[in-house]
Amino acid sequence: MQSELVQLICRVGVKRLEMQLALQCAPLIVGLRISTFLLIADDHLFRVQQLLKRSGISSFVLCSCSGKSSMLLYRTKELEKYLAKDEVRDFLAGYGYRIGEVKDDLLTFRCRYCAYQRGDGIFPHEIGVLLGYPLEDVIGFIINRGQNPLYTGYWKVYADVKAKKELFRMFGLARETLAVLVGNGVGMPEIIDTFCGNSIKREKNVYEREKK
C-alpha cells in the first residue's frame with residue numbers, strides 16, 4: 001500500500017486540493033479524530049468551506065498571511081464534549097480561558113496564535129487540546145519542553161504508548177485509503193459524503209476504547 005500511495009502522490013501531485021485534504025485530513029474525515037490543522041492557499045478557502053457543508057465538520061480560520069490561511073477543522077459535537085471535560089477546562093483555565101462555547105475558545109486562541117505568528121507572543125501550547133490530543137500528552141509536552149517523548153507519531157506521546165501506536169496505525173491507514181481513492185479519480189465530495197454525509201455509525205476512537 002505504501003509504494004502505491006507514493007506512486008499516486010507523484011502522479012496526482014500533492015498541490016491538488018483534494019489530495020492535500022486526503023493526506024492531511026483523512027483521520028478527521030473518517031471519524032478517528034475530532035479536529036485537525038490545515039494550511040491552504042487563500043484561493044482554496046471557499047472550496048474547502050463548501051466541501052464541508054452538511055458534513056458535520058466545521059472550519060475556523062485562525063490566521064491568514066502571505067496568501068495562505070491556517071484553519072482548524074473540527075467535528076463540532078465531539079470537540080465540544082472534549083473541551084467540556086473538567087480536567088480540560090481546568091487546563092484551559094490555567095491559560096486564561098473562560099467557560100463558554102467552543103467558538104469562544106477558538107476566538108481566544110486565534111488572538112494568541114496570530115500574536116505568535118506576528119512575533120508578539122509565545123507559542124500557545126493549548127493548541128494541543130484544540131486538536132484533540134490526550135491531555136496527558138499535551139501536559140507531558142509542556143513539562144518536558146517537547147523532549148523525551150516515549151513515542152513520536154502524529155504527536156509526541158508521553159503515556160499509553162500501546163494504545164496510541166494502534167491509533168496512529170489507523171490514522172495512517174485512513175490516509176492511505178483516501179489518497180488512493182483520490183488518486184483513482186474519486187472526488188472529495190463523494191468521499192466526504194460517504195464518511196460524513198450519511199448516518200452510518202462508526203466505531204469510537206481506539207484510544208477511548210483502550211481507556212475503558
Side-chain angles (χ1 to χ4, degrees), residues 5 8-83 101-118 124 126-133 154-155 168 170-200 202 205:
L5 175 62
L8 284 168
I9 291 172
C10 291
R11 187 168 74 240
V12 177
V14 293
K15 291 184 179 180
R16 259 186 57 182
L17 175 61
E18 293 194 352
M19 182 59 81
Q20 182 184 0
L21 290 173
L23 293 172
Q24 296 183 15
C25 305
L28 174 70
I29 292 170
V30 306
L32 292 171
R33 290 192 65 171
I34 60 176
S35 58
T36 196
F37 183 85
L38 180 66
L39 179 65
I40 61 168
D42 285 342
D43 55 1
H44 289 157
L45 184 60
F46 179 73
R47 174 61 175 162
V48 170
Q49 293 170 334
Q50 290 299 111
L51 283 171
L52 296 178
K53 275 191 173 181
R54 297 179 296 277
S55 69
I57 297 174
S58 301
S59 64
F60 187 85
V61 177
L62 297 171
C63 189
S64 295
C65 182
S66 302
K68 293 185 177 181
S69 291
S70 304
M71 304 177 69
L72 185 76
L73 307 184
Y74 61 98
R75 291 181 174 271
T76 308
K77 292 182 180 179
E78 287 86 343
L79 186 59
E80 286 177 348
K81 184 177 179 180
Y82 180 61
L83 296 183
E101 302 292 328
V102 168
K103 282 292 180 69
D104 296 329
D105 291 333
L106 293 179
L107 287 169
T108 300
F109 176 77
R110 179 162 64 187
C111 292
R112 297 180 178 185
Y113 182 75
C114 289
Y116 168 76
Q117 292 288 74
R118 294 192 306 266
E126 62 270 26
I127 189 175
V129 294
L130 294 178
L131 289 171
Y133 296 172
Y154 283 77
W155 60 79
F168 295 161
M170 293 184 68
F171 284 3
L173 180 60
R175 183 172 178 263
E176 291 176 2
T177 300
L178 265 60
V180 168
L181 288 172
V182 171
N184 284 294
V186 181
M188 189 54 67
E190 290 78 15
I191 292 172
I192 289 177
D193 184 64
T194 297
F195 289 101
C196 304
N198 55 35
S199 300
I200 296 175
R202 289 177 291 272
N205 184 300

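Checking side-chain atoms of Tyr74 against main-chain N and O of Gly132 turns up no donor-acceptor pair under 3.5 Å. Looking at Arg175, its side chain never comes within 3.5 Å of a backbone N or O of Gln24 through a donor-acceptor pair. Distance alone, capped at 3.5 Å, is enough to place a donor-acceptor pair between the Asn184 side chain and the Val180 backbone. Distance alone, capped at 3.5 Å, is enough to place a donor-acceptor pair between the Gln20 side chain and the Leu39 backbone.
Val102 places a side-chain heavy atom less than 4.5 Å from the side chain of Leu83. Between Leu21 and Leu38, the closest side-chain pair of non-hydrogen atoms falls below 4.5 Å. In this structure, Asp42 and Ser64 have side chains that are in contact, with non-hydrogen atoms separated by less than 4.5 Å. In this structure, the side chains of Met188 and Leu17 stay at 4.5 Å or more apart for every pair of heavy atoms. With a 4.5 Å cut-off on side-chain heavy atoms, Glu126 and Phe109 count as touching.
Residue Tyr113 comes nearest to Ser70 through the heavy atom pair OH-OG, 3.6 Å, listed as atom of the first residue, atom of the second, then distance. In terms of heavy atoms, Met71 sits closest to Ile40 at SD-CD1, 3.6 Å. Nearest heavy-atom pair, Leu32 versus Ala174, reported as atom, atom and distance to 0.1 Å: CD1-CB, 4.3 Å.
The only member of Leu45, Val48, Leu62 that meets side chain to side chain contact (heavy atoms under 4.5 Å, CB included) when paired with Ser69 is Leu45.
Expressed to the nearest 0.5 Å, how far CD1 of Ile57 lies from SG of Cys25 amounts to 8.0 Å. To the nearest 0.5 angstrom, Cys196 atom SG is 8.0 Å from Leu52 atom CG. For the atom pair CZ (Phe195) and CG (Leu28), the distance works out to 12.5 Å, reported to the nearest 0.5 Å. From Phe60, atom CZ reaches atom NZ of Lys103 across 7.0 Å, with rounding to the nearest 0.5 Å. Atom CG of Leu72 and atom CG of Leu131 lie 6.0 Å apart (nearest 0.5 Å). Atom CG in Leu106 sits 8.5 Å away from atom OG1 in Thr108 (nearest 0.5 Å).
Taking a 6.0 Å sphere around CD of Gln50, one finds it holds more than 12 heavy atoms contributed by other residues, nucleotides or ligands. Heavy-atom contacts from other residues, nucleotides or ligands closer than 6.0 Å to OH of Tyr116 number 12 or fewer.
A salt bridge is absent between Glu78 and Arg33; no separation between the charged side-chain nitrogens and carboxylate oxygens falls under 4.0 Å. Look at Arg47 and Glu18 and you find a salt bridge, because one of the NZ, NE, NH1 or NH2 atoms lies within 4.0 Å of a carboxylate O, short of that distance.
Relative ring orientation between Trp155 and Phe168 is described as perpendicular, the plane-to-plane angle rising above 60° on a 0-90° scale split at 30° and 60°.
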